[in-house]
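Written below as structure tokens is the structure these notes are about.
On a predicted model such as this, the values are computed, not experimentally measured, just so you know. One-based numbering, in listed order, for ligands and for the atoms of each.
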Amino acid sequence: MKKVFIFLGPPGCGKGTQTDVLSKELNIPHVDTGSLLRENIKNETEFGKIAKGFIDKGQLVPIEVVQSVINERISRPDCKDGYILDGFPRSIEQAQALKNMWENSPFKFSKDEKVAIYFDIPTDVLVERLVNRRSCPKCGKIYNLKSSAPKNDGKCDICNVELVQRKDDTKETAVLRFETYNNETKPLLDFYKKDGILVQINANQSIEAVYNELKNAIND
Ligand code: AMP
């Protein structure tokens with residue numbers, strides 16, 4: 001059975017939404033690198049101060065910061081039965097760092113228990129998705145103003161608070177984030193293919209259809 005999941009795909013491919021559902025179903029934590037970094041920025045930690053400038057420019061935050069944040073998170077007791085990595089690794093260098101973390105981790109998982117899922121989707125669909133993305137600052141639920149709009153204009157269906165747009169979800173920063181993705185993250189597909197743990201799914205479908213494909217892929 002798969003226990004450690006690495007979700008790979010360009011910004012806006014829907015991996016965050018799918019992770020939320022899968023992590024609830026499997027009862028394992030959703031380790032979302034972007035959210036962990038944004039939390040550090042909000043709390044004005046040393047890591048947050050470094051990360052801010054890079055995030056605002058759509059660039060990758062230096063590996064020392066990301067590595068520390070992730071290593072601390074996946075060493076917590078709630079990760080002992082597995083976890084979903086969303087947004088890490090994002091470069092070959094980070095994938096090597098992850099291998100080192102696994103070697104030194106208190107929790108060991110075999111190769112058969114690990115899988116890297118690639119959410120495949122055409123780039124032109126993505127800018128549209130990103131600029132329409134909103135989320136609830138309280139519960140984190142993600143909406144799309146076009147395809148999955150909240151019932152009450154601009155407010156979270158669950159918490160009834162005003163939805164917010166991420167600062168880096170503008171068209172300009174989105175384009176920079178795609179560039180970073182193509183240059184740094186895409187080579188990871190070959191990396192995990194060589195490792196024999198890569199599975200590709202079609203992310204250009206409804207949320208339910210993507211989830212079904214995901215479930216079939218991880219149960220194979
Ligand atoms: P995300 O929420 O996953 O779209 O990430 C938002 C931003 O956080 C990215 O554009 C990067 O600036 C930064 N970030 C997230 N994950 C990583 C990572 N693994 N390595 C470096 N920077 C990251």
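Of all protein heavy atoms, the one lying nearest to atom 22 (N) of ligand 1 is Val61 N, 2.9 Å. For atom 9 (C) of ligand 1, the closest non-hydrogen atom of the protein is Arg90 NH2, 4.0 Å. Protein heavy atom closest to atom 12 (O) of ligand 1, with residue, atom name and distance, is Gln59 O, 2.6 Å. Closest to atom 20 (N) of ligand 1 among all protein heavy atoms lies Gln94 NE2, 2.8 Å.
Checked by atom type, the side-chain pair Gln205/Glu213 shows a donor-acceptor distance below 3.5 Å.
A donor-acceptor pair under 3.5 Å is absent between the side-chain atoms of Asp168 and the main chain of Asp56, judged by distance alone. Checking side-chain atoms of Lys2 against main-chain N and O of Asp112 turns up a donor-acceptor pair under 3.5 Å. Checking side-chain atoms of Ser91 against main-chain N and O of Gln94 turns up a donor-acceptor pair under 3.5 Å. Looking only at distances, a side-chain donor or acceptor of Asn43 sits under 3.5 Å from a matching main-chain atom of Glu39. Judged by distance alone, the side chain of Ser147 and the main-chain N or O of Asn144 form no donor-acceptor pair under 3.5 Å.
Considering each of Leu37, Leu130, Thr33, the one bringing a non-hydrogen atom nearest atom 14 (N) of ligand 1 is Leu37.
Proximity of Arg38 to ligand 1, defined as any heavy-atom pair under 4.0 Å, is confined to the side chain (atoms from C-beta onward). Residue contacts with ligand 1, taken as heavy atom pairs separated by less than 4.0 Å, do not involve Asp86 at all. Looking at Thr180 against ligand 1, nothing comes within 4.0 Å, counting heavy atoms. By the criterion of a heavy-atom distance under 4.0 Å, both the backbone and the side chain of Ile55 are placed next to ligand 1.
Looking at Lys111 and Asp195, their side chains never come closer than 4.5 Å, going by heavy atoms from C-beta outward.
Between Arg166 and ligand 1, a contact under 3.5 Å exists for at least one N or O pair.
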